[in-house]
Amino acid sequence: MLQCIFLLSDSGEVMLEKQLSGHRVDRSICAWFWDQAISQPGSFKQQPVIASPTHYLFQVFREGITFLACAQVEMPPLMATEFLCRVADVLSDYLGGLNEDLIKDNFVIVYELLDEMIDNGFPLTTEPNILREMIAPPNIVSKVLSVVTGSSSNVSDTLPGATASLVPWRTTDTKYASNEIYVDLVEEMDATINRDGVLVKCEINGEVQVNSHITGLPDLTLSFSNPSILDDVRFHPCVRYRPWESHQFLSFVPPDGQFKLMSYRVRKLKNTPIYVKPQLTSDGGTCRLSVLVGIRNDPGKTIDSVTVQFQLPSCILSADLTSNYGIVNILSDKTCSWSIGRIPKDKAPSLSGTLVLETGLERLHVFPTFQVGFRIMGVALSGLQIDKLDLRTVPYRFYKGFRALTRAGEFEVRS
């Protein structure tokens, strides 16, 4: 059972506190947590579960905000972590993003959502569709009315009909003039390439995102051409697990609107779509930097939004960098950002320049790591392919569309 939820800003400030049980958790636990995070900057924030002297702490970090939950007795850690992820997703959906200003400007709605999502420390209603029927999302009209009438509540007076249904994630009596459903494969490639250019790790973290607008209570089946490549699958509660376990296809009654049907991982990929080749040579107090970018394996679709970013070492006094394609910016915190966009076919983009070391240093001893970004529309680099999507129980026709997108996740090249 969770006892309290805190929302912390990037500076450690407690933006919101929600006590969930009769046993009050003191805010001093946040000070202890932040002291530990400062003393262990690299590893502490990567630990989802932390044992403090008095409580078990569960943390999820999203867009500069730390969602921190406290429990005094042992509980399933995945339940707490998943609930915090649901809270972050719902707030992002309601507020149109996640940042400190949005949280502070919508305190009332955030508290109302937490009241409905958890009861006495146990998760209750976490489906966005049902929550939207219970609590109206913020808009200009509601804010003006709250100022004029003095009422700040957004909670509906009636209970959603779906709360008593066998499919509580779907609103009742849904009707559309045109019935359609869209399925998107959205993948992120995580890769690590060492200083010798050898691919150390390459894997895909993907999601199947669905946007459904179908009348009535549709029963859908979705199958893949090659489901055996999938690892670490996680499903929306609407998915029946037994058909996947026995025949590896998805059988479900979808929520209305947008939702994440499943997430997955594909491990041990052999290639990346682009290459980044950095080269650094230093002598006599200066360092010569050269970076080449190009297409390694053509996916058959356009690779765009290509960026290369790296942090200049603290021993660098100044940098003079130019490129034959794209825009190079060096920020005040010594972050260098190279925006390439779409890789041209007639030449390979290159970045070159000179770095001046601080006095007394002859050679560079700390080498930067290059963070790479890209986007490819229309292809899933994992190789996952949708075979078919069928609608059962409803006699009418419906339109279905499929898309794919792959972008860079934690894609780094060491030098």
Step-by-step side-chain contact (heavy atoms from CB on, under 4.5 Å) determination, Phe61 to Asp10: CA-CA 10 Å; Phe61 186 76; Asp10 211 14; 4.1 Å; yes

Exceeds 12 heavy-atom contacts within 6.0 angstrom, atom CZ of Arg195: no

Any side-chain to backbone donor/acceptor pair from Asn226 onto Gly383? Under 3.5 Å, distance only. yes

Would you check if Leu289 and Ser352 make a side-chain contact, meaning some heavy-atom pair closer than 4.5 Å? no

Are side-chain heavy atoms of Leu113 and Val87 found at a separation under 4.5 Å? no

Between Phe310 and Leu321, the two heavy atoms sitting closest are CZ-CD1, 4.1 Å

Any idea which heavy atoms bring Pro349 and Ile343 closest together, and the distance? CD-CG2, 4.0 Å

Assess whether side-chain contact (heavy atoms from CB on, under 4.5 Å) is satisfied between Arg407 and Val186, documenting all intermediate values. CA-CA 8 Å; Arg407 56 181 176 237; Val186 180; 3.7 Å; yes

Considering the options Ile340, Asp298, Ile303, Asn297, which one meets the side chain to side chain contact (heavy atoms under 4.5 Å, CB included) requirement together with Ile274? Ile303

With heavy-atom distances below 4.5 Å as the criterion, would you say the side chains of Arg24 and Cys4 are in contact? no

Under 3.5 Å, side chain of Ser415 to main-chain N/O of Pro368, donor-acceptor pair present? yes

Taking the side chain as every heavy atom from C-beta outward, state whether Ile214 and Tyr176 have any atom pair closer than 4.5 Å. no

In this structure, CG of Asn205 is separated from CD of Glu203 (nearest 0.5 Å) by 5.5 Å

Over all heavy atoms of both residues, which pair between Asp93 and Pro128 is shortest? Give the atoms and the distance, please. OD2-CB, 4.2 Å

Least distance between heavy atoms, Pro218 atom then Val253 atom: O-CG1, 3.3 Å

Met75 vs Tyr56, side-chain contact (heavy atoms from CB on, under 4.5 Å): CA-CA, chis, key distance, verdict: CA-CA 9 Å; Met75 62 176 292; Tyr56 295 103; over 6 Å; no

Using 0.5 Å steps for rounding, measure from the CG atom of Asn99 to the CD atom of Glu63. 8.5 Å

Residues, nucleotides or ligands: over 12 heavy atoms within 6.0 Å of Leu331 CG: yes

Evaluate whether atom CZ of Arg342 has more than 12 neighbouring non-hydrogen atoms of other residues, nucleotides or ligands under 6.0 angstrom away. no

Does the side chain of Tyr264 come under 3.5 Å of the side chain of Glu187 through a donor N or O and an acceptor N or O? yes

Look up atom OG in Ser382 and atom CD in Glu188, then write down how far apart they are to the nearest 0.5 Å. 13.0 Å

Do side-chain atoms of Lys334 reach the backbone of Ile316 as a donor and acceptor pair under 3.5 angstrom? yes

Counting C-beta onward and ignoring hydrogens, is there a side-chain heavy-atom pair between Thr125 and Asp119 closer than 4.5 Å? no

Distance alone, cut at 3.5 Å: any donor-acceptor contact between the side chains of Asp304 and Thr302? no

Using modelled atom types and a 3.5 Å cut-off, is there a donor and acceptor pairing between side-chain atoms of Asp390 and backbone atoms of Thr221? no

Parallel, tilted or perpendicular, as decided by the 30° and 60° cut-offs, for the rings of Phe107 and Tyr111: tilted

Is there a donor in the side chain of Ser337 and an acceptor in the side chain of Asn329, or the other way round, less than 3.5 Å apart? no

How far apart are the closest heavy atoms of Leu131 and Tyr94, and which atoms are they? O-OH, 2.8 Å

Students often mix this up, so state it plainly: with edges at 30° and 60°, are the rings of Phe224 and Trp244 parallel, tilted or perpendicular? perpendicular

Less than 4.5 Å apart, side chain to side chain, heavy atoms only: is that true for Met15 and Ile65? yes

Using modelled atom types only, decide if a donor and an acceptor are shared between the side chain of Asp196 and the backbone of Val198 within a distance under 3.5 Å. no

Does Phe58 reach the side chain of Phe67, with side-chain heavy atoms less than 4.5 Å apart? no

Would you sort out whether Leu384 and Val266 count as a side-chain contact (heavy atoms from CB on, under 4.5 Å), showing the intermediate values? CA-CA 9 Å; Leu384 182 66; Val266 178; 5.8 Å; no

Considering non-hydrogen atoms only, spot the tightest contact between Ser9 and Glu100 and give its length. CB-OE1, 3.6 Å

The reported gap from CG in Leu95 to CD1 in Ile109 (rounded to nearest 0.5 angstrom) is 7.0 Å

Using a cut-off of 6.0 Å, state whether more than 12 heavy atoms not belonging to Arg267 lie near its atom CZ. yes

For Gln279, is the CD atom crowded, meaning more than 12 foreign heavy atoms sit under 6.0 Å from it? no

Would a distance-only check, ignoring hydrogens and angles, find a side-chain to backbone donor-acceptor pair under 3.5 Å from Lys18 to Leu114? no

Heavy-atom donor-acceptor pair, Thr126 side chain to Arg86 backbone, under 3.5 Å: no

Report, as yes or no, whether the 6.0 Å neighbourhood of atom CD on Gln72 holds more than 12 heavy atoms from other residues, nucleotides or ligands. yes

Within this structure, what is the CH2-OG distance for the pair Trp32 and Ser52, rounded to the nearest 0.5 Å? 5.0 Å

Can you tell me how the ring of His55 sits relative to the ring of His23, calling it parallel under 30°, perpendicular over 60° and tilted otherwise? tilted

Check: Phe259 ring centre within less than 6.0 Å of His236 ring centre: yes

Does the pair Lys201/Glu410 count as a salt bridge with the N-to-O cut at 4.0 Å? no

Check against ring pair (Phe, Tyr, Trp, His ring centres under 6.0 Å), Phe252 and Phe235: CA-CA 10 Å; Phe252 60 98; Phe235 301 111; over 10 Å; no

Using modelled atom types only, decide if a donor and an acceptor are shared between the side chain of Ser39 and the backbone of Gln36 within a distance under 3.5 Å. yes

Quick one: does any side-chain atom of Lys347 pair with a main-chain N or O of Asn324 as donor and acceptor, under 3.5 Å? yes

Mind checking the CG-CZ spacing from Leu280 to Arg288? Nearest 0.5 Å is all I need. 11.0 Å

pair Val90-Met117: side-chain heavy atoms closer than 4.5 Å: yes

Answer yes or no: is there an ion pair linking Asp219 with Arg240, defined by an N-O contact shorter than 4.0 Å? yes

For the backbone of Gln209 and the side chain of Asp184, can you confirm whether one donor and one acceptor N or O come within less than 3.5 Å of each other? no

